[in-house]
Amino acid sequence: MTALAINAWLNTPLPSISLTNSISGQLIACWQGEAVQQLFDDGILTLTELHSSDRNTLSRLSHDLLLMACASSLCHRQGDGCFNCITGRLLQSYMQHNRSQNSSKQYVPLTMAG
């Protein structure tokens with residue numbers, strides 16, 4: 001059982017996706033408005049994945065969202081010379097590369113205990 005839960009409200013004036021600790025209910029990350037659209041545009045998630053009942057798919061998706069939250073939290077300036085931004089871009093690149101390679105492999109879900 002994964003301790004991460006994805007909550008998506010897409011059919012609202014301000015769509016949002018949140019990642020929470022399903023044990024404590026604590027909010028881990030939240031995307032709203034254009035940030036939600038960016039997740040879809042970047043291929044981080046799809047509607048099919050969000051509607052999936054497959055544990056492996058949902059675990060992979062929550063893992064990807066967690067990596068995106070970590071990468072995004074490093075720096076908000078996104079400048080080319082900032083070490084944190086470079087680190088953020090490396091994390092995003094790793095996640096996208098890992099996602100494309102793991103699409104046909106068995107996924108080991110990330111679990112977090114609170």
Side-chain angles (χ1 to χ4, degrees):
M1 178 177 116
T2 184
L4 297 173
I6 302 168
N7 304 298
W9 297 272
L10 302 176
N11 292 327
T12 65
L14 184 64
S16 68
I17 295 176
S18 64
L19 187 63
T20 59
N21 180 318
S22 61
I23 296 169
S24 68
Q26 182 178 14
L27 180 66
I28 296 169
C30 185
W31 296 265
Q32 293 181 333
E34 290 181 24
V36 170
Q37 186 60 46
Q38 193 66 45
L39 290 173
F40 286 104
D41 292 347
D42 290 345
I44 304 304
L45 56 87
T46 66
L47 284 175
T48 303
E49 291 172 320
L50 283 174
H51 291 297
S52 177
S53 59
D54 178 60
R55 274 185 193 237
N56 289 334
T57 299
L58 294 173
S59 291
R60 181 180 42 75
L61 183 57
S62 61
H63 179 259
D64 289 352
L65 288 172
L66 183 61
L67 283 175
M68 280 303 297
C70 290
S72 297
S73 71
L74 291 173
C75 185
H76 295 286
R77 290 178 286 158
Q78 301 298 318
D80 289 334
C82 175
F83 175 76
N84 288 334
C85 293
I86 292 168
T87 304
R89 287 194 303 274
L90 286 171
L91 276 174
Q92 289 172 347
S93 175
Y94 164 78
M95 187 195 64
Q96 290 171 347
H97 174 74
N98 194 34
R99 181 181 181 102
S100 65
Q101 285 191 338
N102 286 336
S103 62
S104 62
K105 296 179 182 177
Q106 181 67 12
Y107 178 75
V108 178
L110 171 72
T111 57
M112 295 178 57

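Being a predicted model, the structure only gives us computed values, none of them experimental. Atoms considered below: every heavy atom in the structure, side chains included; atoms not considered: hydrogens, waters and symmetry mates.
If you take CD1 on Ile6 and OG on Ser18, they are separated by 9.0 Å, rounding to the nearest 0.5 Å. Note that the OG1 atom of Thr57 and the CG atom of Leu45 stand 12.5 Å from one another [nearest 0.5 Å]. With rounding to the nearest 0.5 angstrom, the OG atom of Ser62 is 11.5 Å from the CZ atom of Arg55. Note that NE2 of His63 and CG of Leu58 are 14.5 Å apart. Values are rounded to the nearest 0.5 Å.
Contact detail for Leu10 and Ser16: the closest heavy-atom pair is CD2-O, 4.4 Å. Looking at every heavy atom in both residues, Ala8 comes nearest to Leu50 through CB-CD1, 4.2 Å.
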Per-pair distances, 0.1 Å, donor-acceptor, side chain in residues 24-40, under 3.5 Å, sequence neighbours excluded:
from	atom 1	to	atom 2	distance (Å)
Ser24	OG	Gln26	N	3.2
Gln37	NE2	Asp41	OD1	2.8
Gln38	NE2	Asp42	OD1	2.8
Gln38	NE2	Asp42	OD2	3.3

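Within the 3.5 Å criterion, the main-chain N or O of Thr48 finds no donor-acceptor partner in the side chain of Ser52.
Follow the hydrophobic side-chain contacts under 4.5 Å out from Leu14 and you never reach Leu19; the two are in separate clusters. Linking Ile, Leu, Val, Met, Phe, Trp and Tyr residues whenever their side-chain heavy atoms come within less than 4.5 Å leaves Trp9 and Leu65 in two separate clusters.
Asn11 meets the side-chain contact (heavy atoms from CB on, under 4.5 Å) test with no other residue; sequence neighbours excluded.
By the 4.5 Å heavy-atom criterion applied to side chains, Arg60 and Asn56 are not counted as neighbours.
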